Number of protein chains: 2
Amino acid sequence: MSALDTALHGLRALIADGALRPGDRLPSEGELCETLGVSRGSLREAIRMLAALGVLETRHGSGSYVSELRAADLIGSLSLTVGLLPMAGVLELTELRRVLEPHAAALAAARIDAATIETLGGVLDEIEASDDFEDHSRLDHAFHMTISEVAGNDALTSLIDVLRSRSRAYRIPDADDAAELKLHSDAGHRAILRGLAAADPVAASAAASAHVAQTEYWVRRYTETDIVAEGSAVEPD
Amino acid sequence: MSALDTALHGLRALIADGALRPGDRLPSEGELCETLGVSRGSLREAIRMLAALGVLETRHGSGSYVSELRAADLIGSLSLTVGLLPMAGVLELTELRRVLEPHAAALAAARIDAATIETLGGVLDEIEASDDFEDHSRLDHAFHMTISEVAGNDALTSLIDVLRSRSRAYRIPDADDAAELKLHSDAGHRAILRGLAAADPVAASAAASAHVAQTEYWVRRYTETDIVAEGSAVEPD
DNA sequence: TGAAACATAGTTGTCATACGAATTTGATGA
DNA sequence: TCATCAAATTCGTATGACAACTATGTTTCA
């Protein structure tokens with residue numbers, strides 16, 4: 001087994017066995033090197049791998065810590081990479097959205113309160129009033145994330161967020177198409193909100209399903225034509 | 001921006017911009033160090049992070065390569081970490097299974113062929129004939145993965161695999177409970193297979209839903225009592 | 001007494017160098 | 001043409017050194 005694997009499995013075992021619990025500080029790199037019998041470089045590579053996966057967090061000058069190990073955080077670690085998927089992969093992910101978003105909408109319909117409904121209505125008002133792509137994208141994200149959060153499962157919210165992050169980054173180049181998309185999008189949002197306001201899981205779910213299907217249609221339509229990626233969709237620290 | 005971030009974003013940009021495509025070999029570490037202006041150690045840490053996320057693959061003596069960037073592979077990178085989730089997180093994931101597995105079963109019902117139905121029947125025969133926990137776990141896995149694969153979405157299959165990997169690692173300690181679980185589990189499997197064989201998406205979906213709900217019941221039941229984790233559920237290379 | 005400033009030790013971040021291990025490549029020879 | 005071997009290339013690992021940052025205890029001053 002390579003030194004890197006030794007370090008990786010060693011660290012993982014410390015957490016799996018309960019020797020290190022969420023929030024705990026790891027021994028210093030020097031100590032871990034002795035314990036695991038690897039050089040500092042190999043150890044640091046292993047730490048970085050677990051950090052990339054959301055298991056560890058390192059603070060300069062302080063130490064490395066075990067994360068809270070929330071399912072949502074681990075799923076969120078995918079956000080760095082989904083932006084690199086080719087279009088074929090994006091379509092696969094959209095199919096997952098077709099299942100997950102209706103589910104979230106149905107759950108939300110059963111739990112949402114009047115204040116949140118009002119908030120969501122305000123968001124839709126803003127979307128419909130704005131012509132700016134950035135505003136639209138940001139508010140659309142807020143609308144859907146709020147629904148996921150109301151659904152009450154953080155892992156579900158995180159997963160939907162990750163899956164949505166990609167299609168969000170595309171801008172429809174053709175002005176007429178963009179206008180048509182926005183028209184249908186706005187109508188879809190209103191339908192979802194009606195379902196939520198009526199506390200009707202079936203209606204909310206169906207509306208969410210239709211909304212995703214529409215997204216999928218546009219993604220497919222532009223898959224084989226011009227498409228403009230909005231940067232790398234990941235902001236630097 | 002730290003040297004590590006420089007390297008990480010630099011590598012990511014090379015892929016996002018299309019300068020490096022799936023399957024391509026990266027420049028040597030020495031070249032990348034010069035290009036990005038960081039030391040070899042920092043560069044290697046960045047490479048490891050992307051490798052942990054399934055974006056890069058490194059071969060000793062040959063070089064580092066961009067992976068095929070399949071959605072299924074990126075999702076599969078979670079398998080290293082879901083084994084570390086506390087029970088609360090496992091329940092969150094089980095709720096996701098409640099949506100995804102019925103969906104997969106419904107899709108599979110519409111696409112499955114006679115040969116696969118026969119194969120699945122054979123797997124169930126084996127399960128029902130075996131008393132060994134290892135056999136049962138392995139065959140159960142094969143049964144459900146086959147269904148996912150028939151569904152035809154690799155990302156969905158990978159996601160279900162990741163989510164299932166955790167509950168699979170638990171063994172019910174009480175013998176009577178274990179026997180009861182197996183009884184219901186076997187019946188659930190047969191119900192799913194009946195739905196598939198009848199090419200009835202609704203029946204298959206409902207049976208899969210019930211099957212996951214049952215798993216969830218047992219996970220909850222044992223959450224606050226004794227539970228035995230079957231190792232770290234990740235086999236070394 | 002209280003608080004601000006400082007000094008110190010400990011920890012991670014980064015770099016440079018060296019050499020081992022594995023692969024790839026090209027030359028050599030039958 | 002093919003097999004074999006040697007060399008070059010590349011990643012894997014270890015070590016040492018120092019900078020950057022944090023945490024903690026101490027001193028100093030109001």
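Source: prediction; values computed, not measured. Only heavy atoms go into these numbers, but all of them, side chains included; no hydrogens, no water, no symmetry mates. Lettering of chains follows the sequences in order, A, B, ..., and the numbering in each one begins at 1.
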*Quickly work out the A:Glu31 CD to C:dT11 P distance and round it to whole Å.*
7 Å
_Sugar-phosphate, base or nothing in reach of B:Gly41, heavy atoms under 4.0 Å_ = nothing
*Once you round it to whole Å, what is the distance between P of C:dA22 and NE2 of B:His60?*
6 Å
*Would you mind telling me which residue lines up with the more 5' stretch of DNA chain D, A:Arg59 or A:Ser42, judged by nearest nucleotide?*
A:Ser42
*Do we see a donor-acceptor contact under 3.5 Å between the side chains of A:Thr116 and A:Asp113?*
yes
*Nearest to side-chain heavy atoms of A:Arg40, which nucleotide of C:dT12, C:dC15, C:dA21*: C:dT12
*Ion pair present between A:Asp131 and A:Lys182, side-chain N to carboxylate O less than 4.0 angstrom?*
no
*What's the CD-C1' distance between A:Glu57 and C:dT12, to the nearest Å?*
15 Å
_Lys/Arg N to Asp/Glu carboxylate O, B:Asp24 vs B:Arg21, below 4.0 Å_ = no
_Under 4.0 angstrom between B:Ser39 side-chain N/O and C:dC15 OP1 or OP2_ = yes
*So where does chain B start and stop touching DNA chain D, 5' to 3', when the test is distance under 4.0 Å to a non-hydrogen atom?*
D:dT10 to D:dT13
*Can a side chain N or O of B:Ser62 be found less than 4.0 Å away from OP1 or OP2 on C:dA22?*
no
_Salt bridge present between A:Arg164 and A:Asp161 (N-O < 4.0 angstrom)_ = no
*Does A:His103 have any ring-ring contact (aromatic ring centres under 6.0 Å, His included) partners at least two apart in sequence or in another chain, and if so, which?*
none
*Under the side chain to side chain contact (heavy atoms under 4.5 Å, CB included) test, which residues partner A:Ser62, sequence neighbours left out?*
A:Arg59, A:Tyr65
*Taking OP1 and OP2 of C:dC15, is either one under 4.0 Å from a side-chain nitrogen or oxygen of B:Arg44?*
no
*Measure the distance from CG on B:Leu43 to P on C:dA16 and round it to the nearest whole Å.*
13 Å
*asked:* Parallel, tilted or perpendicular: which one describes the rings of B:His211 and B:His144, with boundaries at 30° and 60°?
replied: parallel
*Round to the nearest Å and state the distance from A:Arg48 atom CZ to C:dT12 atom P.*
10 Å
